[in-house]
Structure formats: C-alpha cells, structure tokens
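Report on one structure; see the data block that follows.
The basis for the numbers below is simple: all heavy atoms, side chains too, and nothing from hydrogens, waters or symmetry mates. Computed from a predicted structure; not experimentally measured.
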Amino acid sequence: VITDGVNPSYYDYADGYLTISRTPPPPVDPNRPPTITITHPPKEGATADTSYTIKWIDSDPDSNAIITLYYDKDDKGYDGIQIVTGIKEDDPTNSYTWDTTSIPNGTYYIYAKIEDGVNPPVFDYSDGALTIKHPNKPPTVTITGGPSGVTNNPNPTFTWAGSDPD
C-alpha cells in the first residue's frame, strides 16, 4: 500500500520486492570567503616619497567583495590607519596609488581587509615594509631689518625671519 495522505491509496500485489526511492535535492553551495594577498610592498621592502602603488591578488567567486587598505607601524594587530575603502574586488586593476606626501617619514606595513557581507572579514599584511622618506627641505632666512648697503658701524643690528619646515 502506498499512500501520501492526500490522494487515494494505491494497492499493488507483487511476488517480488518494491523499492521506493527519492532523489535528494542537490547540496546547497555555501558562500565561500574572499581571499586577498598584498604583493607590494614586496618581502624586500620598498621606499617612497610622494606616492606608492600598493598591489594585491584577490578573489571572491560568489560576490563582489569590498577592499579597504591601511598602513600600520608594525605587522601585527590590524590596528593601523585607513588609506582608502570601497575598492571593488571585481575591479581587475588590483592596485591603488597612495598619495604619501602628508605621511610622516617612517617605516610602515600595509594591510588589506576584504569583506563580502556574508563571511567574516579577511585580512593580510604585506610581507615587507614601506619606508616613507621625504627629502630634507632646506631652511629659509629672510632679513627683515638692518642697515642696507655698506656700513661703518662696527656692531650693526639685523632682524630676520626664518623657518625650517621639517
């Protein structure tokens, strides 16, 4: 007897066995987490003055994840300062040119965060450090008062204004 509770029951007599099977639905493909690897600065490190191009390899086969870049004094803790956010993982450029003119001289690590909105964020630090090194700017001095031309005064008095931007 076969019954589904809705339709009339079905009766059949056989000398053998009856096998009833149901094909299970296909498994649900889970959303896979994105991946990102910072490739520049490289392991050997790099130096920059006014700009540096950060490069990476990323992947997220089931969504267009968002990338955020940071710089940090060390390569631990993911506690750096944001450089840029909103870079789309599907953008084939896989690089960002960072304007470093206002970044103080120092050594920094770059890291990325990639988020797809489903899985936890994924982070990666650069293998090498980026050294920001701006050239020294010479001081300036302007004489603002005092004798002009040739003077016979053995103790002339001058006034000036000066600055040293760095």
Taking all non-hydrogen atoms of both residues, which atom of Gly128 and which atom of Pro41 are closest, and how far apart?
O-CG, 3.6 Å
Taking the side chain as everything from C-beta on, heavy atoms only, tell me whether Thr35 gets closer than 4.5 Å to Asp60.
no
Could you check Tyr78 against Lys113 for side chain to side chain contact (heavy atoms under 4.5 Å, CB included), going step by step and ending with a plain yes or no?
CA-CA 9 Å; Tyr78 303 108; Lys113 174 176 74 172; over 6 Å; no
Distance check, rounded to the nearest 0.5 Å: His40 atom NE2 versus Leu130 atom CG?
11.5 Å
Would a line drawn from the ring center of Trp56 to the ring center of Tyr96 be shorter than 6.0 Å?
no
Going from CD1 on Ile81 to NZ on Lys73, what distance comes out if it is rounded to the nearest 0.5 angstrom?
8.5 Å
How about Thr144 and Thr159: does a side-chain donor come under 3.5 Å of a side-chain acceptor?
yes
Using side chain to side chain contact (heavy atoms under 4.5 Å, CB included), reason through Asp58 and Ile114 one step at a time and then give a plain yes or no.
CA-CA 9 Å; Asp58 62 50; Ile114 186 167; 4.2 Å; yes
Listed pairs under 3.5 Å, donor-acceptor, residues 146-157 side chains, sequence neighbours left out:
| unit_1 | atom_1 | unit_2 | atom_2 | d |
| --- | --- | --- | --- | --- |
| Thr151 | OG1 | Asn153 | N | 3.1 |
| Asn153 | OD1 | Asn155 | N | 2.8 |

Does Glu89 offer a backbone N or O that forms a donor-acceptor pair with the side chain of Asn64 under 3.5 Å?
yes
Return the OH to CH2 distance between Tyr52 and Trp98, rounded to the nearest 0.5 Å.
10.5 Å
Are Tyr109 and Tyr70 close enough that their ring centres sit under 6.0 Å apart?
no
Which heavy atom in Thr107 sits nearest to a heavy atom in Ala129, and how many Å separate them?
CG2-CB, 3.4 Å
Minimum-distance pair of heavy atoms, taken over all atoms of Thr53 and Ser95:
CG2-CB, 3.9 Å
Trace of the side chain to side chain contact (heavy atoms under 4.5 Å, CB included) decision for Ile54 with Ile83
CA-CA 11 Å; Ile54 302 164; Ile83 298 169; 3.9 Å; yes
Would a single hydrophobic cluster contain both Tyr125 and Ile36, if residues Ile, Leu, Val, Met, Phe, Trp and Tyr are joined by side-chain heavy-atom contacts under 4.5 Å?
no
Thr47 and Thr131 side chains, donor-acceptor separation under 3.5 Å:
no
Side chains of Asp75 and Ser126, heavy atoms from C-beta outward: is any pair under 4.5 Å?
no
Sub-4.5 Å side-chain heavy-atom contact between Thr100 and Tyr71:
no
Look up atom CD1 in Ile57 and atom CG in Asp124, then write down how far apart they are to the nearest 0.5 Å.
10.0 Å
Is the side chain of His134 donor-acceptor paired with the backbone N or O of Ile103 at a distance under 3.5 Å, no angle test?
yes
Approximate separation, where rounding is to 0.5 Å, of Lys133 NZ and Asn105 CG:
8.0 Å
Linking I/L/V/M/F/W/Y whenever any side-chain heavy atoms sit under 4.5 Å apart, do Val122 and Ile66 land together?
no
Considering all heavy atoms of both residues, which atom of Ser63 and which atom of Asp116 are nearest to each other, and what is their separation?
OG-CB, 3.3 Å
Tell me, do Asn119 and Asn31 make a side-chain contact under 4.5 Å, heavy atoms counted?
yes
Given side chain to side chain contact (heavy atoms under 4.5 Å, CB included), test Tyr111 with Asp72 step by step and report yes or no.
CA-CA 8 Å; Tyr111 70 90; Asp72 196 345; 3.9 Å; yes
Side chain Thr39, main chain Lys55, donor-acceptor under 3.5 Å:
yes
Quick check on side-chain contact (heavy atoms from CB on, under 4.5 Å): which of Thr97, Leu69, Thr68 does Val84 satisfy it with?
Leu69
Pair Ser163, Thr140: side-chain N/O donor-acceptor within cut-off below 3.5 Å
yes
